Amino acid sequence: MVTVEQGARLILVTAERVRQLARSGWVPKPEKGLIPLVALVQGYIRFLKDEDRRSSKSAADSRVRDARAKEIELKIARDQRELIPTEEANAFVSRVFGHAVSRLVGLPAEFTRDLNERRRLEIAIDAIRNEVADLIREFDFASERRGGDLAPGGEGNP
């Protein structure tokens with residue numbers, strides 16, 4: 001048996017903290033100012049272990065709440081048409097550019113019958129097609145690296 005003050009000093013807390021632990025049932029209540037030393041130490045250890053469990057549980061709960069909040073934010077953004085799946089965006093871009101390229105390929109024949117002029121137009125159109133293809137590849141790699149930034153340089157359009 002030790003006094004509350006002695007027990008508090010042994011477990012590195014105040015005497016008032018020992019009394020709080022006793023009121024909350026972690027350690028036995030002092031009788032005539034004395035408390036069993038072993039029961040005090042074991043009760044304090046049980047209290048500390050329970051605090052660890054509660055803090056790790058609350059941290060896990062916090063992560064779950066954060067994940068749910070993110071999921072809700074994404075759902076709202078999608079519902080408000082501020083967000084579309086990557087596959088849909090890629091399909092849209094592919095369809096639009098595919099149509100534009102097919103129209104551009106036929107343009108020299110529609111524009112002139114002069115084979116020299118037609119060849120000059122084909123060379124210019126091929127250069128544009130190659131630039132667009134390079135940009136699409138660059139955007140695709142940038143998107144993978146930076147989580148969806150639109151510009152390959154990270155700022156505006158190239």
Side-chain angles (χ1 to χ4, degrees), residues 7-27 40-158:
R9 277 191 308 236
L10 285 171
I11 61 172
L12 303 173
V13 297
T14 65
E16 181 55 34
R17 184 67 179 138
V18 171
R19 289 185 197 87
Q20 289 173 346
L21 291 169
R23 282 192 296 272
S24 60
W26 291 103
V27 298
L40 172 64
V41 172
Q42 288 176 348
Y44 188 59
I45 290 171
R46 279 193 308 273
F47 167 77
L48 292 176
K49 285 184 177 179
D50 187 67
E51 282 294 310
D52 289 343
R53 185 174 37 247
R54 276 191 271 168
S55 67
S56 66
K57 182 181 177 186
S58 68
D61 289 343
S62 177
R63 286 191 303 273
V64 168
R65 276 193 304 274
D66 291 345
R68 284 187 183 146
K70 180 69 173 171
E71 181 181 12
I72 290 168
E73 289 171 6
L74 289 172
K75 184 181 183 313
I76 290 169
R78 187 176 57 239
D79 291 347
Q80 293 178 344
R81 307 298 290 164
E82 295 173 354
L83 181 70
I84 62 170
T86 303
E87 295 81 22
E88 282 185 37
N90 288 340
F92 172 77
V93 169
S94 294
R95 184 168 180 193
V96 169
F97 279 111
H99 179 75
V101 166
S102 69
R103 294 288 292 142
L104 285 172
V105 167
L107 186 62
E110 289 178 26
F111 187 72
T112 183
R113 295 206 181 274
D114 182 344
L115 293 180
N116 289 332
E117 286 298 307
R118 190 183 291 187
R119 185 66 193 139
R120 280 185 47 217
L121 282 171
E122 288 171 350
I123 290 170
I125 289 170
D126 283 344
I128 292 169
R129 287 176 51 201
N130 288 331
E131 288 175 21
V132 169
D134 290 343
L135 282 174
I136 289 172
R137 276 191 294 276
E138 195 174 336
F139 281 120
D140 188 40
F141 293 137
S143 177
E144 288 177 15
R145 282 192 311 269
R146 287 192 291 276
D149 284 352
L150 290 179
E155 299 177 16
N157 292 327

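Throughout, numbering of the chain's residues begins at 1 and tracks the sequence. From a predicted model like this one, the values you see are computed outputs, not experimental measurements.
The number of heavy-atom neighbours closer than 6.0 Å to CZ of Arg120, taken from other residues, nucleotides and ligands shown, is 12 or below. Atom CZ of Arg113 is surrounded by 12 or fewer heavy atoms from other residues, nucleotides or ligands within 6.0 Å. The number of heavy atoms from other shown groups lying within 6.0 Å of CD (Glu16) is above 12.
Across every non-hydrogen atom of Arg118 and Thr112, the tightest pair is NH2-O, 3.2 Å. The nearest pair of heavy atoms linking Ala8 to Ala15 is CB-N, 3.5 Å. The minimum heavy-atom distance between Val27 and Leu40, with the atom names listed, is CG1-O, 3.6 Å.
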- Query: Do Val105 and Arg129 pass the side-chain contact (heavy atoms from CB on, under 4.5 Å) test, and can you show the C-alpha distance, the side-chain angles, and the key distance before you say yes or no?
  - Reply: CA-CA 10 Å; Val105 167; Arg129 287 176 51 201; 3.8 Å; yes
- Please walk me through it: do Arg103 and Glu110 pass salt bridge (charged side-chain N to carboxylate O under 4.0 Å, His left out)? CA-CA 10 Å; Arg103 294 288 292 142; Glu110 289 178 26; 3.7 Å; yes
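Ionic pairing of Arg63 and Asp66 is not present here: no N-O contact between side-chain nitrogen and carboxylate oxygen is shorter than 4.0 angstrom.
No side-chain donor-acceptor contact under 3.5 Å links Asp50 to the backbone of Arg46.
Here CG of Asp114 is found 10.0 Å from CG of Leu121. Values are rounded to the nearest 0.5 Å. Expressed to the nearest 0.5 Å, how far CD1 of Ile125 lies from CG of Leu107 amounts to 5.0 Å. The distance from atom CD of Glu122 to atom CG of Leu115, rounded to the nearest 0.5 Å, is 9.0 Å. Interatomic distance, Ile45 CD1 to Ile11 CD1, rounded to the nearest 0.5 Å: 9.5 Å. The CG atom of Asp79 sits 11.0 Å away from atom CG of Leu74, with the distance rounded to the nearest 0.5 Å. Distance check: His99 NE2 to Leu104 CG gives 9.5 Å after rounding to the nearest 0.5 Å.
Counting heavy atoms from C-beta outward, Gln20 and Arg17 have side chains that approach closer than 4.5 Å. Residues Ile76 and Gln80 form a side-chain contact, since some pair of their non-hydrogen atoms from C-beta on lies under 4.5 Å apart. Here the side chains of Arg65 and Lys70 are not in contact, with every heavy-atom distance at 4.5 Å or above. Counting only heavy atoms from C-beta outward, the side chains of Val64 and Arg68 approach each other to under 4.5 Å. Between Val13 and Val18 there is a side-chain heavy-atom pair separated by less than 4.5 Å.
Looking at residues two or more places apart in sequence or on another chain, you find a side chain to side chain contact (heavy atoms under 4.5 Å, CB included) between Val93 and Phe97.
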